[in-house]
Structures are given as structure tokens and as C-alpha cells.
Amino acid sequence: MKPAVIVIDMLKEFVYGRLRSPQAQEIIPVIKRIIDHAHNRDIPVIYVADRHFPVDHELKVWGVHALHDSSESEIIDELKPGSKDYVLYKRSYSGFRDTGLDMLLRDLGVDTVVLTGIHTHICVLHTAWDAFYHGYNILVVRDGVAAFSREDHEYALKYMEKVYGAKIVESGEVLKLLEGSMKD
Ligand code: ZN
């Protein structure tokens with residue numbers, strides 16, 4: 001297994017702003033542990049982050065959020081990317097759409113994406129769909145993703161498991177799997 005940790009939309013908008021997840025604060029330390037673990041083992045960490053222009057189609061659904069020139073589109077201080085991390089910007093739900101993520105994963109030799117972040121049923125789910133489409137194995141960290149509600153969260157996890165063959169795993173298990181990946 002050649003994994004990469006994908007951190008989706010851990011931005012001020014979705015953690016502290018109007019479109020925040022009530023569980024956002026709980027997943028911060030979980031994601032931090034996974035990132036630290038990855039850094040110590042030279043596993044790539046890739047952030048994908050909403051950075052909208054006012055004309056973006058998606059704003060018709062959700063209203064104005066995470067504009068490119070606003071503080072809401074900044075990654076939260078608690079999870080600031082390090083110098084070796086990758087940061088890609090997106091203008092719609094999926095971390096793959098027009099961001100160069102697939103090319104980056106291929107250049108890194110990655111075959112498995114470990115999905116963390118917000119929201120389980122929107123950007124995480126659409127990133128999982130594109131990961132499936134591009135042929136990657138998918139791990140979704142159950143306690144490292146969050147939605148607007150528990151129902152949205154649980155529904156999306158079930159959907160990704162059934163439809164994309166994603167493995168839904170607890171963070172403790174992910175840490176062990178990342179450990180094992182170094183032996184490949
Ligand atoms: Zn957005």
C-alpha cells in the first residue's frame with residue numbers, strides 16, 4: 001500500500017464559519033495525529049481546499065463562502081500545512097476536479113487515499129467518488145471526517161462503503177495501517 005493522507009476543507013469557513021460542522025472541533029486532534037504520523041514516515045500529506053471566486057456555480061447552492069481573498073478560505077491554524085505538504089485549491093466539491101490531484105498522486109506513486117476532513121456527505125463523498133473513478137483504494141477515517149449532522153455523516157459513510165468500496169476505519173486502525181505500509 002502506498003498511501004497519501006488527504007485533508008479536505010479544514011478551513012476557517014467550515015470549522016468556525018457559517019458552513020461549519022458541529023463536529024469539526026472533535027476531528028481536529030484526530031487529523032493532527034494522522035498528519036504527524038504521516039510526516040514521521042514520509043507519507044505524503046495533501047490538503048485540498050475550497051477557494052472560490054464570486055462567480056462559482058456552487059455558490060448558487062450554498063451562498064457565498066470561502067472566497068479566494070477572504071480569511072474564511074484559510075486552512076485553520078491548528079492544522080497549518082508544513083513545508084513538505086502539498087496544498088491544492090478547488091472551486092467545487094471534489095478534491096480531484098481541476099486541481100491536479102490525480103497527477104500529483106500518480107507522480108508520488110500513491111495507490112491509496114486516506115480521506116479526512118469536512119463535510120462527509122459533500123466534499124469528502126465527491127472526492128471519494130473521483131478517487132474511485134481514477135482507480136485508487138479509499139480509506140475514510142470515521143472519526144476524522146464530519147458533516148452538518150450525524151445523519152448526513154452516517155449516510156455518506158454507508159454510501160461510500162457500498163458504492164465506492166471504501167473502507168471505513170477508525171483513526172487508531174489507520175495509524176497501524178500507515179505503519180504497515182512502510183514495509184511494502
Ligand atoms: Zn465550496
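Numbering of ligands and ligand atoms starts at 1, following listing order. Positions are given from 1, in the same order as the sequence printed here. Treat the numbers as computed from the prediction; the structure is a model and nothing was measured.
The NE2 atom of His52, the Zn ion (ligand 1) and the OD2 atom of Asp50 define an angle of 90° (nearest 10 degrees).
The Zn ion (ligand 1) lies closest to atom OE2 when only the N/O/S atoms of Glu58 are considered.
Among the atoms of Cys123, none of the N, O or S atoms falls under 2.8 Å from the Zn ion (ligand 1).
Taking the centre of each ring, Tyr155 and His121 stay at or above the 6.0 Å mark. Between Tyr133 and Tyr164, the distance separating the two ring centers is not shorter than 6.0 angstrom.
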Before giving the answer on side chain to side chain donor-acceptor pair (under 3.5 Å), spell out for Thr120 and His153 the whole-Å C-alpha distance, their side-chain angles and the decisive distance to 0.1 Å. CA-CA 5 Å; Thr120 319; His153 176 76; 2.9 Å; yes

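Of the N and O atoms on the side chains of Asp102 and Tyr136, at least one donor lies less than 3.5 Å from an acceptor on the other residue.
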